[in-house]
Amino acid sequence: MVRRSATTAEVGADAAAAVAAARAHPGRVATLILPADASWGDGGLPVASVPPPSPAAVTGTTVKAIAEVLRSGEPAALLAGGPAGREAGLRALSRIAAATGVRPLIETFPARLERGAGLPAIDRLAYLAEQAVAHSTGSPM
């Protein structure tokens, strides 16, 4: 999303829309162009925040297809990120791994990753080449 505020009165609404776009699932880039005369002038209007849209639901067909792949017995990894780094997501990844044998991984640099007693320890996706080799061979890093 790219917006350019032409007047001071538009800045608040344009900024709220940019923040909502950036927070939309799965994360988007939002660019707000604020010319000096629009951002420094008088006449700005406060606006309410714009809630980001809810993520679209995954279809049952997609879930069944993924489950079929994970249950096939072929080596597979399940990469998760975002909210999956919290307790509920970590526990779900652990249950899926136990049921299917898939290797669960969390994104390399998660914004938030809950840890502590009783939570499953999920490896992060390898960043360096040496770590990637260890991931592909299943050896510990």
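- Shortest non-hydrogen contact noted between Gly82 and Glu107 is N-OE2, 2.9 Å.
- When every heavy atom of Pro110 is checked against every heavy atom of Leu113, the shortest pair comes out as CG-CB, 3.9 Å.
- Taken from CD1 in Ile33 to CZ in Arg3, the straight-line distance is 12.0 Å, to the nearest 0.5 Å.
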I would like to know whether Arg103 and Asp123 meet salt bridge (Lys or Arg N to Asp or Glu O under 4.0 Å); could you show each step before the answer?
CA-CA 9 Å; Arg103 182 171 186 182; Asp123 288 336; 3.2 Å; yes
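- Here the shortest heavy-atom pairing between Leu32 and Ser5 reads CD1-OG, 3.8 Å.
- Residues Arg91 and Leu119 share a closest heavy-atom pair of NH2-CD2, 3.6 Å.
- The shortest non-hydrogen separation linking Leu105 to Ala77 is CD1-CB, 4.1 Å.
- When all heavy atoms are compared, the tightest approach of Ala30 to Ala21 is CB-CB, 4.2 Å.
- Between Lys64 and Glu68 there is no salt bridge, since no side-chain N of the basic residue sits under 4.0 Å from a carboxylate O of the acidic one.
- Using a 4.5 Å cut-off on side-chain heavy atoms (C-beta onward), Arg124 and Thr108 make no contact.
- Under a hydrophobic-cluster definition in which Ile, Leu, Val, Met, Phe, Trp and Tyr are linked whenever side-chain heavy atoms come within less than 4.5 Å, directly or via other members, Val11 and Val19 are assigned to different clusters.
- In this structure, Ile96 and Val102 have side chains that are in contact, with non-hydrogen atoms separated by less than 4.5 Å.
- With Ile66 as the fixed residue, the side chain to side chain contact (heavy atoms under 4.5 Å, CB included) test singles out one of Val69, Leu70, Val63: Leu70.
- From Leu79, atom CG reaches atom CD1 of Ile106 across 8.0 Å, with rounding to the nearest 0.5 Å.
- Taking OG of Ser39 as the start and CD of Glu10 as the end, the distance is 12.5 Å to the nearest 0.5 Å.
- The hydrophobic clustering, which links ILVMFWY residues whose side-chain heavy atoms are closer than 4.5 Å, places Ile122 and Phe109 apart.
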